[in-house]
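As the structure is a prediction and not an experimental result, all values here were calculated from the model. Atoms considered below: every heavy atom in the structure, side chains included; atoms not considered: hydrogens, waters and symmetry mates.
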Amino acid sequence: EVQLVESGGGLVQPGGSLRLSCAASGFTFSDYAMDWVRQAPGKGLEWVSNINSVGGSTTYADSVKGRFTISRDNVQNMLYLQMNSLKPEDTAVYYCAKYSRSWYIYGMDYWGKGILVTVSS
């Protein structure tokens, strides 16, 4: 059973930092690239960041580049998103997601339930 469980969200002031975690189980975590995706209130889904299976290659949306860092621990089966210099527009539900082995066809095949990050003074 594939499970992705996000944690670490909450309320933070603008300019603050937060570290999200995603605990993965039910599959060989080290074989799969992972994403963070977010959905702001009243908005559509926005891709945030990607990391390849071994953690050596990362990409970011322009909106978070230089502020967010994606990482993973393939021993502990954990995905992370370190968020610094947070802005109110970062307020969103954040999801971790697993790529299908045939990602070109199927995209991301499993998503966590999401966790809310609220950036407000």
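Of the possible polar contacts, one joining the S100 side chain to the S102 backbone as a donor-acceptor pair under 3.5 Å is found. With hydrogens and angles disregarded, a donor-acceptor distance shorter than 3.5 Å links the side chain of N52 to the backbone of G56. Looking only at distances, no side-chain donor or acceptor of S21 sits under 3.5 Å from a matching main-chain atom of G8.
From C22, atom SG reaches atom CH2 of W36 across 5.0 Å, with rounding to the nearest 0.5 Å. The distance from atom OG of S71 to atom OH of Y80, rounded to the nearest 0.5 Å, is 7.0 Å. In this structure, L45 CG and W47 CH2 are separated by 14.0 Å, a value rounded to the nearest 0.5 Å. Interatomic distance, CD of Q39 versus OH of Y94, reported as 12.0 Å (0.5 Å rounding). Remark: S25 OG to E1 CD distance equals 7.0 Å, nearest 0.5 Å.
Residues E6 and K113 form a side-chain contact, since some pair of their non-hydrogen atoms from C-beta on lies under 4.5 Å apart. Q13 has its side chain out of reach of V119: every pair of non-hydrogen atoms, C-beta onward, lies at least 4.5 Å apart.
Smallest separation of non-hydrogen atoms from S120 and P14: C-CD, 3.5 Å. Closest non-hydrogen pair, S17 versus S85, comes out as OG-N, 4.3 Å. The two atoms that bring T91 and P41 nearest to each other are O-CD, 3.5 Å, heavy atoms only.
Side-chain N/O atoms of D35 and Y99 include a donor and acceptor closer than 3.5 Å. D31 and S53 form no side-chain donor-acceptor contact under 3.5 Å, judged by distance and modelled atom types alone. In this structure, a donor-acceptor pair under 3.5 Å is present between the side chains of S63 and E46.
Taking the centre and axis of the six-membered ring of F29, the NZ or CZ atom of R72 falls inside the cone set by 45° and 6.0 Å. For the pair K98 and Y32, the cation sits on the ring face: its NZ or CZ lies under 6.0 Å from the ring centre, inside 45° of the axis.
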Checklist entry - Do M34 and L4 pass the side-chain contact (heavy atoms from CB on, under 4.5 Å) test, and can you show the C-alpha distance, the side-chain angles, and the key distance before you say yes or no? => result CA-CA 11 Å; M34 299 289 293; L4 300 169; 3.8 Å; yes
Next on the checklist: Would V37 and W111 count as a side-chain contact (heavy atoms from CB on, under 4.5 Å) here? Give the steps.
Outcome noted: CA-CA 9 Å; V37 182; W111 296 58; 3.8 Å; yes
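Residues L18 and F68 fall within the same hydrophobic cluster, defined by Ile, Leu, Val, Met, Phe, Trp and Tyr side chains chained together at heavy-atom separations under 4.5 Å. Follow the hydrophobic side-chain contacts under 4.5 Å out from V93 and you never reach V64; the two are in separate clusters. Both L79 and V2 are part of a single hydrophobic cluster, where members link through side-chain heavy atoms under 4.5 Å apart. By the criterion of side-chain heavy atoms lying less than 4.5 angstrom apart, applied directly or through intervening Ile, Leu, Val, Met, Phe, Trp or Tyr residues, I70 is not grouped with Y95; the two fall into different hydrophobic clusters. Under a hydrophobic clustering in which Ile, Leu, Val, Met, Phe, Trp and Tyr are joined whenever their side-chain heavy atoms come within less than 4.5 Å, directly or via other members, L20 and M108 fall into different clusters.
A side chain to side chain contact (heavy atoms under 4.5 Å, CB included) with T59 is found for one member of N50, V48, I51 and no other, namely N50.
Salt bridge status for R38 with D90: present, with a side-chain N to carboxylate O gap under 4.0 Å.
For OH of Y110, the number of neighbouring non-hydrogen atoms (other residues, nucleotides, ligands) closer than 6.0 Å is 12 at most.
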